[in-house]
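Heads up: the structure comes next, in structure tokens.
The model shown is predicted, which means the values in this text are computed figures rather than measured ones. Labels below follow one simple rule: chain letters A, B, ... track the order of the sequence lines, proteins then strands, and each chain is numbered from 1. Just the heavy atoms: all of them, side chains too, but no hydrogens, waters or symmetry mates, feed the values below.
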Amino acid sequence: MRPFSYQRATDPDMAVQALSAAAAANKPLTQASAQPLAGGTTLIDLMKLDVMRPAAIVDINPLAQGWSEISPGRENLRLGALAKMSDVAAHDEIQRNYPVIANSLKLAASAQLRNMATLGGNVMQRTRCSYFRDVSYENCNKRNPGSGCAAMDGINRMHAVLGISDQCIATYPGDFAQALIALDATVEVTGKSGTRSMPFAELHKAPGNTPEIETTLQPGELISAFLISGRWPRSVYLKARDRQSYEFALSSTAVALDVQDGTIRDARVALGGVATVPWRAREAEAQLKGQKFDDGLAQRAADAAFAEAKGRQHNSFKIALGKRVVARALQQAVMMEI
Amino acid sequence: MTAAAPEPKANMGKPVPRYDAAAKVTGRATYGSDMPLDNPAYAFLVTSAIAKGRINSFDLDDAKRVRGVIDIVTHENAPNLNESKLFSNGGYAGTTIQPLKSTDIAHDGQIIAVVIAESYEAAREAANRVKVSYTAATPSASFDSPGTTEAAAKGQNAQFKEDPKVGDFAKAFDEAEVKVDASYETPTQHHNPMELFSTSCAWMGDTLVIYEPSQYVHGLKNGVAEQLGIDADKVRVVNPYVGGGFGSRGSTTPRTAVIAGIARRLNRPIKLVPTRDQGFTIATYRAETRHEVKLGASRDGKLVALRHEGAEVSSRADPYCVGGTKTTTRLYACPNVDSLVSIVRADRNTPGFMRSPPEVPYLFALESAMDELAVKLNMDPIELRRINDTTNEPIGGKPYTSRSLMACFDEAAKAFGWAQRSAAPKSMSDGDWLIGYGCAATCYPTQMAPSAARVRLQRDGRTRVEIAGHEIGTGAYTILAQTAAERLGVPLEKVAVFIGDSDLPPGPVAGGSNSTASTCSAVMMVCDQVRQRLFKALMPNESLTDKAKETVGMGQTPSTQAAKGDRPIDLEKAFDALGVGVVEEYGEWKPEGAPQDSFKAMHSGHPRLVGGAAMKDKIAYAFGAEFVEVRINRFTHEIRAPRLVGAFAAGRIMNPRTARSQLMGGLIWGMSSALLEATEIDARTARYVNDNFADYLIPVNADVPGVEVILLSEQDDHINPAGAKGLGELANVGTNAAICNAIYHATGQRIRKLPVRLENIEV
């Protein structure tokens, strides 16, 4: 860890000012000299590892009063970016009307981490790629643009099979983001010129030729809230992992269905643990919409979800696994008693 | 009695609470890096980013500019240290690869520089700013890598003396009615004890004090003295508590003498706390192994031929091997046995002891093969073990001192509900989950080593027990206190135990599960010396030895039958008769069959373990049987082990509470070994990739909802005065095979390579 200054931002403007002043045009935001601190469960970790080297920390926890609401309304749900994962997961109405959100949070990390970590920080969580997290490996296009990718032909069991490029196959590790992208969430961002909103699906950027650029956030911008319209009581988060708790997904899926009289009127499918960014499987949704459910349909949807997947030496199993996870989650969602 | 404190059966001590429980749960227990130092400097290691090659140059400018940096030590200015010989070669070291000697790099994560600074933070920051230019060569990572060399263990590893064999294996296997011929693999694993590989070195004049988690304070003291070129009596190692060892702290590592040398030059105490990932490369590990097992049997299940061939990875520099064939060739009755162990050299750090070093990989292979044989014979796997159970090992015909293997199978089977198993694979399920039951034998050699002890008794009954043993979490304090209290007949709460300090009478290495048997035997002997002095004072004319052996009471009424005829000693009268306030005795105990140089070796920090298969006219092992329920999700193929049941017999159980805790930990460790733990090596670079607790998986509580330990009563009068067989390394041996056998039962799929991951399951 390197020395850094610490500043508490007592209002959003102060945070935005401090962060935007530190951004440099020629550097990705993750390498800006000032970084926001919320729960700190990723940032502090990466600073200890010398992966992130901010000179200044802007503590945005004082903003929690305005930014941590959990407000389920009749028409939509608003979640403040500084709400704690554990509080949202334990919320009655979230559990009842958005089980996919509650479970994606509950199945993530450990109880201690969920008590610290915020929703906004969670969606900004950075990849767990071992080569990214160990600075003794020179080859990491995400850390050192243009240096190559050690994971491509290395130990890549945990790596992505979707949204990959020949520059980076690092997996987006989070769970909650899959629920957000499946439910067409909107993300509210606060920056220099006030507040703007965009589809959550536009927040993360697939690696392409610039794996160092991970989001579309502009200098100084902070996520302030997430909005979800409608209710999704028929929704499931299914996560396959090596151990029973406190472990990242090898494959996960967020599924939400609107079924009326046996016909799927709307279907949402997102994939975790298998892609470089939160991943919406629209091809799978297209298979499902307007159809009567049966196991064959689930299988076709799952196949469609992974039609473009490409495995490497140690992670090819994720394609077959991911299909089974999607098919099973669809079955579970259909079987739910609402 | 509670689950944590099982009711003692015959030949078991009381399940008294841990001596150090309150200190540990309140944080009063001081570990090595907790020890206060006067004005310490802090060290941070820089380790190599390549596994083979050399250092061209360092750029230290940026690092030296960090405020608070005192010095950066590289091969160019490192303290001059003597070489250290490998423990198996009469030395103390776990590796002969000595860092900071030259520009050569022999393995990933080798220490190449040490930053010394006024604070830990400054040292770490500067270490991050050290720039190194390397010339890298292509390393050989493991089996199958180009450039490795392979040769028989016999002849290169002094401790591997024979490849056991008997009869005519080739002919018998050829003619056998039923055969199994299968290959197995176990992965690289790291101990990852919770306490990091810290060391603090403080000089007072020409005397060095080392605070370091060690499983052998006398070995560390002598080893570091040798490297520094000073008298061993000028070195003291102190570690009253060790935060886990599992074998990683039995031999010396290069870091200690390096830090001691720098501290001497700086004339200031230095504290080093390496990181978790550095622990993967600056200490030892369990190397990956491969096995081919051939079993031949008659149709009625009798083994007629057994061959076990094992290959193990070691470093270029050192011929480390575990050679578990000494156990697997002797476990079952079989007239024709053959074996071979070989070592494959790669560009790796030297591996070393890790909890049940030989038995874990080798019994995984044998006990998997036995299950495969049971399937071929269409026979219950327990019955196959019963048919081949034996009172004498087959290689030399020596009798087992005691062997409760089948009693363990029967007790564990009953507790587990084995009778409810439907034998056909894939025949049991519960909703989304396929269910499999599996079992395996477990065993571990009973070993002892010379040990000294000092016991001091005061007239008010207060007792002090001193022995340079080690509390690595096993319960050493507790059972030493119990042993002294029982032998002297004083209340347990009056006994104080002092261990973990090389200024105390030398105890053995806390390895090979010998500590309880050795240290308790020594303490019993010295307590008897104390008693004899008291008896002599009161009854100068009587022959004392026999009476002393059975007499319990000093100030107490005798409780054992044999002692009932004796009067309790009035402690105060005895002290009055002696005319002293304190009786103190020192003694040195050695096990039967210990070599001639035992006591000399004990004082110079060389363990002289005897027992197991190496005894002259007998063989001593502890046994157990382990049963596992696995559940495999039909859709995700996730593998869980919700129930682990083990029954164990290990001679006298000194304390059922601490014994159960160790065995429970062993079962969980075994499950972890089978399903989770593997150090991933990048084949291109020979580097460990998942060198942290996020990526190197160990179980969380949710993974082990049901663990049951059954302690069997067993008496063995042929091993040591304490009558105890070591059990710290007993329970994690059989679990690997039991889990794979259960996976076969659940799925019909035989998996012969660990760890088993969901992608290995095809259902």
Would you mind checking which part of [X] comes under 4.5 Å of any heavy atom in chain A, side chain (CB onward), backbone (N, CA, C, O), both or neither?
X	result
B:Leu697	both
B:Tyr688	backbone
B:Asp695	side chain
B:Ala694	both

Side-chain heavy-atom pair [X], [Y] within 4.5 angstrom cut-off:
X	Y	result
B:Arg124	A:Met1	yes
A:Arg2	B:Asn128	yes
B:Ile681	A:Ile155	no
A:Tyr246	B:Asn701	no

Checking heavy atoms, do the side chain of [X], its backbone, both or neither come under 4.5 Å from chain B?
X	answer
A:Gln313	neither
A:Glu247	side chain
A:Tyr131	side chain

Where B:Leu676 and A:Asp242 come nearest, the two heavy atoms and their spacing: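 Minimum heavy-atom separation between B:Leu676 and A:Asp242: CD2-O, 3.5 Å.
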Nearest heavy-atom neighbours spanning A:Ser245 and B:Ala702: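 Nearest pair, atom of A:Ser245 first, then B:Ala702: CB-CB, 4.0 Å.
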Would you say the side-chain atoms of [X] pair up with the backbone N or O of [Y], donor to acceptor, closer than 3.5 Å?
X	Y	result
A:Gln244	B:Val700	no
B:Arg684	A:Ala150	yes
A:Arg243	B:Ile698	yes

Short side-chain donor-acceptor distance under 3.5 Å, A:Arg241 and B:Thr636: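 Side-chain D/A pair, B:Thr636 to A:Arg241: absent.
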Residue, of B:Glu680, B:Arg687, B:Arg634, that accumulates the most heavy atom pairs under 4.5 Å with chain A: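 Result: the option with the highest number of such pairs is B:Arg687.
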Residues, nucleotides or ligands: over 12 heavy atoms within 6.0 Å of B:Met194 CE: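 No.
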Enclosure of A:Lys106 NZ (heavy-atom neighbours >12, cutoff 6.0 Å):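 Count not over threshold, so no.
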Carboxylate-amine/guanidinium proximity below 4.0 Å for A:Arg157 and B:Glu759: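 Yes.
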Ion pair check, B:Asp432 and A:Arg328, cut-off under 4.0 Å: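 Yes, B:Asp432 and A:Arg328 are salt-bridged.
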In Å, rounded to the nearest 0.5 Å, how long is the span from [atom1] of [X] to [atom2] of [Y]?
X	Y	atom1	atom2	value
A:Asp134	B:Asp691	CG	CG	6.0 Å
B:Asn633	A:Leu238	CG	CG	8.0 Å
A:Leu250	B:His637	CG	NE2	13.0 Å
A:Leu49	B:Asp277	CG	CG	7.5 Å

Which of A:Ser251, A:Ser316, A:Ser130 touches chain B most, by non-hydrogen pairs under 4.5 Å: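 Ranked by heavy-atom pairs under 4.5 Å with chain B, first place is A:Ser130.
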Choice from A:Gln331, A:Arg128, A:Lys48 maximising heavy atom contacts with chain B below 4.5 Å: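 Option with the greatest count: A:Lys48.
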